[in-house]
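Chain letters run A, B, ... following the sequence lines, proteins first and then strands; every chain starts at 1. Small disclaimer: the values here were computed from a predicted structure and weren't measured.
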Amino acid sequence: MAIKVDPEKCINCGACELGCSFYRDEVFTTMSASVMMYREEKKNYFGIMLKREDDMILGRPEGVEIQKEGEESDSDAGASAKPILLREPCDNCKNAMCVRFCPTGSLIEVD
Amino acid sequence: MDYLYTEYYLVVDLATGEAEEVELEEEFVQENVGGAKLNMALYEEHKDGEPIVLGTGPFTSTLVPGGCLGVITAKSPVTGDVAHAPITWNAGAELKLSGYSFVVIKNKADNPTYLWLHDEIADFVDASALWGKDVWETVDVIRDEQGEDRIQLLSIGKAGENKLSTAQVMNNYWGDGDRFGFGALFGEKNLKAVAVRGMGELDIDDAEAFIEKTEELLGKVKSALPGQSGLDAIDFADIPDDAKAALKSQLHRVEADFNNPFAYKFFLKYREDPSVMKSTDVEEPGVLISDPMGLAALLKAGVPADAVGEVFEKAFKLGLNPAAVASKLSGKDKDAALAELDSLAESSEAEKFEATFSPFAPSSDRMEAAYIAGICPVLASKVEALNAEMFAELMSIGTGMDFDADAFKM
């Protein structure tokens, strides 16, 4: 089971952050999720980052980019990625809460 | 309070520069629940200090759909009575996660100040250099100063500094639900901004049952909003079709409040092709229409639809409530309207009206409960399942205490 990101559908509500954090710690917080929102607010530029074992998915409005471990990204999403680097990677849990609570289908589970 | 709330709330005295942490006791929550209702109890308790109370509901910062809401409670210069304005977007959620579910701000600072609330710490920061700066500059400076892009800000611009009843408490760069002139109260108190960022955690009594019920509720919410977002969703604002068509030519992307499935906010781009999805060198490409009723008021006043974005931007930078000044812009073209806003930020007065809750959201019989629960009132107006009975059941599960529907009435 893995998570697929469709950034065009994202409305930047952050339910995925809450859901993933709850899965890990059974509390409401945004700080322990493997998935994280980013936003350049004045430009309305926003999307989703998902940390995986060996890489990171940058779900940017203009498309999805896979950033390998140790690689630099010149995108703004890459520049915003630093806080997520300290977090646990996605463990590909089944019936993932980030997917269940995403209201738009921006995150979906795939085999 | 062990569940759904933080352990403490904060009482800030701007005159002395002291902040006191007070335990949020179970009995107090049992009696006053949260949001506007608990704010009101704190307002009464600290009335002598002419307080502004910032508060959250039990479901703010939780997975309950629409759980974004913070509430500002204070005596309105517009109505003359104590009133409640919504804090949408992300500031309510961050306030609670900063460690303080409620903040009472009393008295007046000697010099311009901003409050920086984070990690159960309250800092008083000198804002002398920010006084006179517009709202957008203020947001940029404070985020830069504190080193975090996700800091959420309630701040004022020139209109608030000038203590006008048309001034609004702004939410980051954008307008929000303050129709009550609370921006003038910030100005009176020499309070330029309240900045919040939260790394806290909220416990739940019966977490499994709470999540099960919340997920069931999310299903009902999604069923009530089939395909609704942005301009197409704000039918409550009564925007004419020709104006909608003009706005659609500038439409970029829709956005939601924190954990709000209803993306009723949308961004207009007018300094860049709205089809551009990349982040470009254009630093200020447009404006977030965060306030559909304010948009409707401007259009009704005769501001041309293709100019409305820039009028919003200017009003937001000045910290003016667009709905309150719309009539002053009647019949003006874009340049004249923008010039008029400069004058209005120096001197203007909001038309009096009577209301306890802000007309930011459509009136509904669920509004009161939403303001107490910490649920976006715009969403609640659309979804019947977001009602007092549902909130009482969820709160009982989440806290292990007993609440009934009457608890979610003022």
Please determine which of B/E212, B/E215, B/E216 meets the salt bridge (charged side-chain N to carboxylate O under 4.0 Å, His left out) test together with A/R100.
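With A/R100 as partner, B/E212, B/E215, B/E216 yield a single salt bridge (charged side-chain N to carboxylate O under 4.0 Å, His left out), made by B/E215.
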Side chains of [Y] and [X]: any donor to acceptor distance under 3.5 Å?
| X | Y | result |
| --- | --- | --- |
| A/E41 | B/W174 | yes |
| A/S34 | A/R24 | yes |
| B/T6 | B/S101 | yes |

Inter-chain contacts: residues 4-13 of chain A against chain B, heavy atoms under 4.5 Å:
A/P7, A/E8, A/C10, A/I11, A/N12, A/C13
So, are B/E313 and B/K317 salt-bridged, with charged N and O less than 4.0 Å apart?
yes
Salt-bridge criterion met for B/E148 and B/R143 (N-O under 4.0 Å)
no
Under 4.5 Å to a heavy atom of chain A? For B/E283 that would be both
Relative to chain A, which of B/N259, B/L63, B/D203, B/N260 shows the most heavy atom pairs under 4.5 Å?
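Of the candidates given, the most pairs with chain A belong to B/L63.
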Give the member of B/N172, B/L4, B/V287 that has the highest number of heavy-atom pairs under 4.5 Å with chain A.
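When all of B/N172, B/L4, B/V287 are compared, B/N172 has the most.
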Relative to the ring of B/Y173, is the ring of B/W136 parallel (under 30°), tilted (30 to 60°) or perpendicular (over 60°)?
perpendicular
Is the distance between the ring centroids of B/Y100 and B/Y8 under 6.0 Å?
no
Sort by residue number and list every residue of residues 195-202 of chain B having at least one heavy atom under 4.5 Å from chain A.
B/R197, B/G198, B/M199, B/G200, B/E201, B/L202
Taking non-hydrogen atoms and a cut-off under 4.5 angstrom, which of residues 262-275 of chain B neighbour chain A?
B/A263, B/F267, B/K269
Using non-hydrogen atoms only, which part of A/C16 is less than 4.5 Å away from chain B: side chain, backbone, both, or neither?
neither
Side chain from CB out, backbone as N, CA, C, O: work out which of these in A/F46 comes under 4.5 Å of a heavy atom of chain B, or both, or neither.
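For A/F46, the contact with chain B is made by backbone and side chain together.
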Contacts satisfying side chain to side chain donor-acceptor pair (under 3.5 Å) that involve residues 218-233 of chain B (not counting sequence neighbours) are B/Q228-B/K382, B/D232-B/K248
